[in-house]
Amino acid sequence: MTKILRSIIGSFGGHKARKSSDFSDFFSKSSAERTKVMRQVLREANEEQRKVVESARTA
């Protein structure tokens with residue numbers, strides 16, 4: 001009940017619409033752009049993994 005009242009009051013209060021998150025932005029992009037993002041994330045994850053493995057070997 002309070003959620004409904006807050007949403008009604010908020011709509012009259014002139015509050016800005018909630019900004020979208022990076023997560024929802026990802027799904028609004030084209031398939032090619034999503035592929036680019038996934039490749040970049042994988043590159044960064046692989047690099048971090050290499051650093052962890054190297055530090056474990058030297059320890």
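One is the number of the first residue; the rest follow in order along the sequence. Predicted model only: the values in this text are computed from it and were never measured.
Once rounded to the nearest 0.5 Å, the distance linking CE of M38 with OG of S31 reads 11.5 Å. K29 NZ to S24 OG: the interatomic distance, rounded to the nearest 0.5 Å, is 10.5 Å.
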Take E54 and R57 through the test salt bridge (charged side-chain N to carboxylate O under 4.0 Å, His left out) and record every step on the way to the result.
CA-CA 5 Å; E54 276 299 315; R57 285 182 184 167; 3.4 Å; yes
Applying salt bridge (charged side-chain N to carboxylate O under 4.0 Å, His left out) to R50 and E47, what does each step give before you reach the verdict?
CA-CA 5 Å; R50 283 186 197 102; E47 183 61 33; 3.5 Å; yes
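No more than 12 heavy-atom neighbours from other residues, nucleotides or ligands sit within 6.0 angstrom of CG on D22. Surrounding CZ of R43 are more than 12 heavy atoms belonging to other residues, nucleotides or ligands, all under 6.0 Å away.
Residues in residues 26-50 take part in these ring pair (Phe, Tyr, Trp, His ring centres under 6.0 Å) pairs, two or more places apart or across chains: F23-F27.
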